[in-house]
Amino acid sequence: MAEYNPQTIEKKWQDTWTRTRAFEVTEDPSRPKFYCLEMFAYPSGHAHVGHVRNYMIGDVMARLKRMRGFNVLHPFGWDAFGLPAENAAIKHGTHPETWTLENIAHMKGQLQRLGISYAWEREFATCEPEYYRWNQWLFTRMFEKGLAYKRRSTVNWCESCQTVLANEQVVDGGCWRCGTPVTQRDLEQWFLRITEYADELLKGTDALGTWPEKVLTMQRNWIGRSEGARVKFPIAGADDQIEVFTTRIDTIYGATFMTLAPEHPLVERFAAESPDPAAFRAKAQKFRSQDRTGRMTGDVEKEGFDTGRRVINSFTNEEIPIWVANFVLGEYGTGAVMGVPAHDERDREFATKYGLPIRVVVNDADVLVESGEFSGLPAAEGMARITAAAESRGIGQGAVQYRLKDWGISRQRYWGTPIPILYCEKDGMVPVPDDQLPVTLPKMDVFSGRGDSPLASVAKFVNVKCPRCGGPAKRETDTMDTFVDSSWYFYRFCDPHNDRLPFDRAKVDYWGPVDFYSGGVEHAILHLIYSRFFAKIFRDLGLSGHDEPFARLLTQGMVLKGGAVMSKSRGNVVDPDDMIEKYGADALRLYVMFVAPPEKEVEWSDAGLDGSFRFLLRVWRLVWRLAETIGGEGIPAPGTLTLNDAERALRRKTHETIRRVTLDLDPRVHLNTAVSGLMELVNELYTFCQGIRCFRGEDNDDVGAMDRIETIAVAKEAVEALVLMLSPFAPHMMEELWEMLDHSGGVVAAGWPAFDPEAAKADEVVIPVQVNGKLRGRVTLPAAATEAEIEKAALAEPQVQAHTAGKTVVKVIVAKGKLVSVVVK
RNA sequence: GCGAAAGUGGCGGAACUGGCAGACGCGCCGGACUUAGGAUCCGGUAGCCGAAAGGCUAUGGGGGUUCGACUCCCCCCUUUCGCACCA
């Protein structure tokens with residue numbers, strides 16, 4: 001028997017695919033398109049099986065869709081800018097580019113050895129000027145529209161990475177990359193106005209029905225929409241007022257004090273006007289320097305001090321004291337809140353500590369009390385009425401507040417996209433003209449990692465002429481957050497070599513949006529919200545017609561080993577290359593797809609992989625033993641023949657399997673149960689062949705033969721369907737077997753097997769019978785039996801008789817095609 | 001603390017709209033073929049009682065709805081994840 005040698009076969013087919021450009025595509029309006037994408041890779045070095053699981057999932061979908069006649073775009077590329085490259089450069093004295101390109105080369109080899117069906121001609125890396133040029137172009141467009149702007153602000157700073165972090169990149173008070181506790185710095189920073197789209201980003205989540213609910217919830221929480229009101233409180237003895245944001249304006253009669261964030265601008269004025277400004281400032285400063293994480297998470301005890309000043313609560317006409325408190329956040333709302341200790345837990349804690357009055361204004365029945373003219377109203381109505389009253393008095397109005405903040409994109413590091421802005425003494429901030437893009441990264445060999453932008457040390461880069469006045473100007477030396485790169489790469493894949501525009505609109509309109517997107521759930525807010533934001537920017541710039549970039553999202557589970565996530569530092573990684581060497585890529589792919597549903601995390605098991613390898617051997621042997629008999633032309637379609645019982649049974653199994661596997665793959669993406677369905681078909685085929693002793697023996701002697709053409713026809717149909725349906729999982733072996741079965745042209749040309757409902761129909765059905773809810777027997781009946789016949793047969797069944805004897809049959813329920821339920825008393 | 005998801009054999013996991021719980025695989029046990037086998041093929045494998053036929057108990061625990069519940073409802077427990085002073 002021809003031995004199964006995965007290494008030889010896989011090499012052969014991978015070479016064939018490359019040679020025939022099998023996965024390269026162009027727009028073709030005559031066919032339905034399918035854009036299948038896995039989150040592109042950060043080239044960190046070597047991919048482990050946890051990384052490649054995602055690519056395998058996408059590949060099954062891409063290959064399936066190709067077989068089903070779709071024009072499939074399945075590209076891959078590299079998220080190639082970022083800190084690790086720069087850190088490796090500092091550590092090893094290499095250039096970040098060298099490190100990055102070496103890693104890309106290695107990882108690309110790994111993916112090719114896995115047989116992932118990528119359109120490699122579309123590959124790019126974000127560190128190429130041909131790509132990041134368009135980051136700069138897009139930044140310029142956003143700058144022109146006021147969507148990119150610069151301001152001084154307090155930013156999150158990672159001491160270890162020596163750079164700024166966006167709010168989305170602060171996880172549990174630490175850096176998303178290295179976990180170092182985040183500190184605060186005051187810096188001039190570039191921001192992208194994502195808040196402009198807060199409402200649309202929020203509303204858009206409703207249309208993303210096929211996204212995991214979990215991701216949508218996280219995004220909604222992150223955007224954090226609150227409805228309430230802004231109300232002004234006049235400052236006693238001054239002309240101006242303090243504005244607060246509240247979601248509980250109905251409790252305004254219970255506001256007994258006011259609290260300002262230590263960062264609030266009025267704090268400094270009150271300090272200056274106070275009898276002892278230095279002491280005042282010292283107290284405020286103490287809160288400001290308190291660990292921000294602690295302040296944010298409530299771990300720090302609530303503290304405050306009385307400013308000695310008062311505001312007037314216009315509803316009660318009382319003067320209430322203004323405090324400064326550490327629990328009020330400067331960057332949310334107005335940085336000032338009204339203190340309603342009776343109806344807010346934080347305010348109660350604070351008021352109790354400092355002996356401030358507590359006044360109940362909503363009773364247990366949610367009705368307003370002691371609220372002037374509003375007393376007696378239900379709280380909800382009170383809220384509307386008080387808002388209206390504030391509006392008519394000109395001291396407030398209904399307001400919506402978001403938690404989402406603008407996206408700070410300045411990074412004080414080298415290995416990123418230079419921000420294309422010049423500072424001219426005369427003209428101020430001037431964007432680099434489009435025809436001078438890209439602003440390329442200058443070659444450097446020293447990367448300080450000191451917190452000042454490395455580019456600032458390259459005089460030739462910094463000192464330029466102003467394109468407007470020709471006078472001296474200096475370049476911006478910060479680079480962009482790498483999440484800018486990954487926020488639109490999926491559109492660039494539609495037109496990766498365009499040198500006039502980021503992409504051609506017609507191409508993006510043809511391919512977009514991504515139909516199936518898979519990747520790790522860790523991007524639920526970062527990448528996935530930024531990408532949605534960019535999609536809207538492109539739309540509003542007239543560059544695409546899509547509101548949303550990803551129609552369907554699958555968040556794949558991680559692969560654990562020894563109960564822990566695989567990582568180099570833990571030393572528990574499984575390298576796909578090692579597994580390919582031992583078992584072949586096909587067995588590895590099949591195992592990873594079979595072991596659990598794609599969304600679930602899995603524990604790596606060598607034994608499981610062994611099992612998948614054995615299954616493939618079983619398929620190999622099966623096909624090899626039958627190939628001579630069932631291969632080739634001239635065998636009639638089984639639908640035209642008169643079959644015996646065994647043949648009909650096999651045919652039924654074949655078509656049941658086609659139906660089930662097709663549904664499991666698309667739309668359900670239950671890849672694991674699709675594989676088990678195919679395993680069942682293999683088991684059935686073995687039983688069938690053994691039953692009629694038709695296998696060719698190991699030594700090439702015929703043990704028996706398929707002497708009926710009908711037998712050959714159904715076996716052929718079953719085996720061919722099996723090979724085709726397995727091909728998305730184990731593409732190399734299935735191409736080889738398809739060829740062994742005397743077909744040329746490959747599995748995609750052959751197409752996905754068609755389900756024939758006639759063939760799947762059973763002539764007989766086995767119907768279970770319950771008596772008082774307990775299974776007591778089964779009856780076998782012709783599929784066409786009527787309800788009355790089923791009921792009669794069920795009641796006649798001996799076991800059922802035994803349990804109904806001497807009792808009265810109260811009711812018989814026949815669930816058509818499912819079971820019979822007999823109720824006795 | 002708030003929110004979400006999930007708890008099924010020794011293990012990974014099935015069960016599509018309330019209808020035969022444990023598909024498929026791993027592991028284990030047995031048989032066949034073998035000089036041998038950690039190869040291959042076949043069979044068995046939730047627990048308890050029983051020689052068997054069969055019966056009883058089982059989907060985290062407790063209630064409920066229903067002829068019928070892993071599936072729906074209520075309470076509780078556990079785990080995982082997310083959010084965490086957002087006024």
Side-chain angles (χ1 to χ4, degrees), chain A residues 171-173 212-218 220-222 224-226 228 244-248 251 259 261 294-300 302 325-329 331-340 343-347 349-350 401-405 521 524-525 590-591 594-597 599-612 614-615 617-618 621 659-660 663-664 668 670 672-680 682-683 686-687 690 695 698 766-778 799 802 810-824:
Chain A
V171 178
D172 288 336
E213 196 51 44
K214 177 184 167 150
V215 173
L216 294 176
T217 306
M218 283 168 73
R220 288 177 188 132
N221 291 342
W222 186 259
R225 185 180 198 271
S226 300
V244 301
F245 173 74
T246 176
T247 54
R248 292 295 309 274
T251 64
T259 27
R295 260 182 74 194
M296 292 280 289
T297 57
D299 291 345
V300 170
K302 289 179 181 44
N326 62 348
F327 71 93
V328 180
L329 307 171
E331 69 269 31
Y332 183 78
T334 62
V337 293
M338 61 182 202
V340 185
H343 305 290
D344 183 283
E345 218 171 288
R346 296 153 300 184
D347 293 344
E349 195 185 325
F350 192 75
Q401 182 67 43
Y402 295 94
R403 226 177 63 117
L404 183 72
K405 297 186 192 81
V521 73
I525 22 195
L590 189 79
Y591 163 65
F594 173 62
V595 67
E599 295 85 353
K600 258 201 96 154
E601 62 179 24
V602 294
E603 173 70 25
W604 177 262
S605 148
D606 286 328
L609 175 53
D610 212 62
S612 292
R614 285 203 300 267
F615 170 72
L617 278 177
R618 210 165 132 79
R621 246 179 253 119
R659 188 185 64 84
R660 172 180 161 192
L663 282 175
D664 275 353
R668 300 176 68 200
H670 289 196
N672 55 328
T673 54
V675 175
S676 54
L678 293 166
M679 287 173 166
E680 282 184 49
V682 170
N683 292 344
Y686 266 83
T687 307
Q690 249 124 24
F695 268 146
E698 301 267 330
V766 179
I767 300 173
V769 186
Q770 289 183 345
V771 179
N772 284 353
K774 290 212 160 125
L775 181 69
R776 294 304 180 187
R778 292 183 175 81
Q799 283 299 322
V810 181
K811 206 189 221 179
V812 179
I813 295 149
V814 180
K816 199 96 201 319
K818 284 179 183 159
L819 60 54
V820 179
S821 186
V822 181
V823 187
V824 295

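Just so it is clear: chains get the letters A, B, ... in the order the sequence lines come, proteins before strands, and each one is counted from 1.
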As a test of reading the structure: which of B:C67, B:A15, B:A87 is closest to the side chain of A:Thr673, going by heavy atoms?
B:A15
Integer-rounded Å distance: [N] [atom2] and [X] [atom1]:
X: A:Asp664; N: B:G25; atom1: CG; atom2: C1'; result: 15 Å
X: A:Leu819; N: B:G18; atom1: CG; atom2: P; result: 15 Å
X: A:Phe594; N: B:G13; atom1: CZ; atom2: P; result: 11 Å
X: A:Lys774; N: B:G55; atom1: NZ; atom2: P; result: 10 Å
X: A:Ile525; N: B:C83; atom1: CD1; atom2: C1'; result: 9 Å

Polar side-chain contact A:Arg668-B:C16 base: donor and acceptor under 3.5 Å:
no
Specify the glycosidic conformation (syn or anti) of B:G44, with syn defined as within 90° of 0.
anti
Just call it for A:Asn672: base, sugar-phosphate, or nothing, with non-hydrogen atoms closer than 4.0 Å on any strand.
sugar-phosphate
RNA chain B: A:Lys214 or A:Ala596, which has the more 5' nearest nucleotide?
A:Ala596
Taking any strand in view, what nucleotide pairs with B:G12 in a Watson-Crick or G-U wobble way, both distances under 3.5 Å?
B:C24
Identified pairing partner of B:A87, criterion: Watson-Crick or G-U wobble below 3.5 Å:
none
In whole angstrom, give me the gap between the C1' atoms of B:U79 and B:C24.
26 Å
